[in-house]
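Heads up, the thing below is written out as structure tokens.
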Amino acid sequence: MSTPHEPTNGSSPTPPAEGWITTPLTEELLRGALELERTAQGVQPHRLPARARAQAADGQLAMAEAQPSGVRLVLRTRATAVELDVLRTKMAYEGAPPRPDGVYDLLIDGEPAGQTHVPGGNVMLMDMATGSAELQPGPVGTVRFTGLPDRDKRVEIWLPHNEMTLLVALRTDAPVTPVAPGDRRVWLHHGSSISHGSEAASPTTTWPALAASLGGVDLVNLGLSGSALLDPFTARAMRDTPADLISLKIGINLVNTDLLRLRAFAPAVHGFLDTIRDGHPTTTLLVVSPILCPIHEDTPGPSLPDLSTLDEGRLRFAAMGDPEERAAGKLTLNVVREELARVVKQRAADDPHLHYLDGRKLYGEADHAELPLPDALHPDAATHRRMGERFAELAFGTGGPFTG
């Protein structure tokens with residue numbers, strides 16, 4: 001499937017040396033994406049299919065699903081050097097310090113073997129005060145890994161979890177072949193920005209990626225920043241995605257968007273689970289409630305950025321609801337946990353493959369005292385590692401619902 005490289009329209013910012021091979025970017029080389037969109041500039045990995053994207057009409061979701069959290073190139077090769085041309089789109093916020101560049105993680109035969117960033121690319125400048133966004137275009141950049149061992153090996157390049165990434169070209173100094181899926185179980189997970197990766201240090205150190213590595217499974221991560229909202233099109237995407245294990249982390253986005261009231265919440269959860277069960281009637285399915293988030297434990301949403309903190313070079317969120325509004329059906333995290341536990345217990349009477357996990361077992365009060373949420377909503381890199389290890393122990397460990 002590999003062909004000698006021929007430069008095309010200057011799409012590569014640095015023309016490769018003679019003897020390099022360009023390999024077409026196809027579905028067989030990518031894991032963790034539900035769909036590839038071919039554009040005039042390159043290949044866009046999507047974590048939701050076109051039908052779902054067409055029904056969303058939401059800029060936040062469009063951005064989140066195109067950020068390739070959990071998406072990686074997986075190939076076999078003797079190559080000692082790999083180059084990947086990409087066009088990234090990096091987020092920036094008016095008045096806030098620049099965000100760190102996205103990280104590309106290299107694994108060789110499953111072991112960490114390098115990290116790098118890519119220059120160039122677009123910048124999406126967001127104004128938190130007005131909600132406006134401006135796209136500042138930039139050039140294609142090249143990801144390079146050199147000095148790889150000269151032997152047949154499995155190579156994985158994990159794409160940044162927090163930057164939209166358009167794949168332009170893949171070059172190596174030896175032929176490339178795809179890797180068959182093998183006998184590892186597939187874990188399909190859906191959640192909020194915390195599952196998406198939030199402030200994790202790199203794509204292989206988001207809590208779901210860490211848990212998948214410790215559990216010995218292949219991850220399909222549908223953690224969608226700001227968009228774990230029990231959308232029917234997400235449930236249908238999960239229904240139609242092959243999986244051996246499924247988990248849902250539900251709650252924080254419903255509270256911090258103030259989207260639903262109590263009357264609608266439980267039926268929406270039932271409907272989401274019903275749709276998944278249409279395609280996965282007996283697959284192990286774990287429902288995970290929210291981790292501890294003090295601003296929303298007993299205070300409804302919405303949560304909005306505290307713009308005054310930008311003057312201090314940081315961004316924090318605040319809960320704008322009134323605790324008294326719980327009487328009118330507004331959701332808080334404690335209300336969500338109580339309802340999720342009730343729904344799962346009710347359904348589990350007829351569904352022995354359905355399980356519940358209180359998210360505070362992943363991150364609770366003692367953890368918050370040691371590792372507080374830096375912006376009052378999102379875990380930092382150390383907390384992602386802790387959550388990944390905890391989930392692996394609780395879900396994949398002895399007696400856990402995902403035990404092989």
Side-chain angles (χ1 to χ4, degrees), residues 1-2 5 11-14 16 20-34 36 41-47 66-90 100-121 140-182 184 196-197 200-206 208-210 212-213 218-221:
M1 63 182 296
S2 301
H5 176 83
S11 62
S12 171
T14 53
W20 282 62
I21 296 170
T22 291
T23 300
L25 291 155
T26 62
E27 289 81 358
E28 291 80 12
L29 292 178
L30 281 166
R31 300 275 176 88
L34 297 194
L36 298 186
Q41 291 180 293
V43 176
Q44 176 67 63
H46 287 287
R47 293 188 296 130
Q67 293 178 341
S69 183
V71 179
R72 62 272 189 200
L73 278 80
V74 182
L75 48 94
R76 294 207 71 86
T77 184
R78 292 190 65 92
T80 61
V82 179
E83 293 187 348
L84 182 66
D85 293 342
V86 299
L87 180 62
R88 69 172 184 170
T89 299
K90 179 180 177 179
D101 287 336
V103 175
Y104 291 78
D105 278 339
L106 174 70
L107 302 184
I108 294 180
D109 293 329
E111 296 297 323
Q115 289 184 331
T116 192
H117 308 276
V118 65
V140 170
T142 300
V143 179
R144 292 186 180 86
F145 290 108
T146 60
L148 279 59
D150 184 12
R151 56 175 170 78
D152 182 63
K153 55 194 171 293
R154 176 188 173 115
V155 174
E156 300 179 36
I157 299 176
W158 286 63
L159 306 179
H161 61 285
N162 53 3
E163 292 180 349
M164 293 174 62
T165 304
L166 186 75
L167 305 176
V168 178
L170 171 65
R171 292 184 299 276
T172 51
D173 61 357
V176 161
T177 57
V179 176
R184 297 202 340 165
H196 188 138
S202 74
T204 60
T205 57
T206 68
L210 284 166
S213 176
D218 277 338
L219 173 67
V220 178
N221 187 4

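Everything quoted here is computed from the prediction, not taken from an experiment.
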Partners of [X] by side chain to side chain contact (heavy atoms under 4.5 Å, CB included), sequence neighbours excluded?
X	result
L148	V82, L106, I108, F145, K153, V155
R154	R31, V74, R76, D109, E156, V179
T80	D150, D173

Looking at [X] and [Y], what are the two nearest heavy atoms and their distance?
X	Y	result
T165	Q44	O-NE2, 3.3 Å
L87	G121	CD1-CA, 4.0 Å
V220	G32	CG1-O, 4.2 Å
L210	T205	CD1-O, 3.5 Å
W158	G70	CZ3-CA, 3.9 Å
A212	L219	CB-CB, 3.8 Å

So, do P203 and L159 sit near enough that their side-chain heavy atoms are less than 4.5 Å apart? no
Side-chain heavy atoms of L30 within contact of L25, under 4.5 Å: no
Indicate every side-chain donor-acceptor pair of residues 110-120 with a distance under 3.5 Å to a residue at least two apart or in another chain.
{"residue": "Q115", "atom": "NE2", "partner": "D105", "partner atom": "OD1", "Å": "2.8"}
{"residue": "H117", "atom": "ND1", "partner": "G102", "partner atom": "O", "Å": "3.1"}

T89/Q67 under side-chain contact (heavy atoms from CB on, under 4.5 Å): CA gap, chis, key distance, verdict: CA-CA 9 Å; T89 299; Q67 293 178 341; over 6 Å; no
Residue pair T172, L75: steps toward the side-chain contact (heavy atoms from CB on, under 4.5 Å) verdict: CA-CA 11 Å; T172 51; L75 48 94; 5.5 Å; no
Test side-chain contact (heavy atoms from CB on, under 4.5 Å) applied to V143 and V86, step by step: CA-CA 7 Å; V143 179; V86 299; 4.2 Å; yes
Nearest-0.5 Å distance that lies between atom CD1 in I21 and atom OG1 in T77: 7.5 Å
Separation between CD of E83 and OG1 of T142, rounded to the nearest 0.5 Å: 6.0 Å
Could you list the residues that satisfy side chain to side chain donor-acceptor pair (under 3.5 Å) with N221, not counting sequence neighbours? S69
What residues, two or more places apart in sequence or in another chain, satisfy side chain to side chain donor-acceptor pair (under 3.5 Å) together with R88? D101, E163
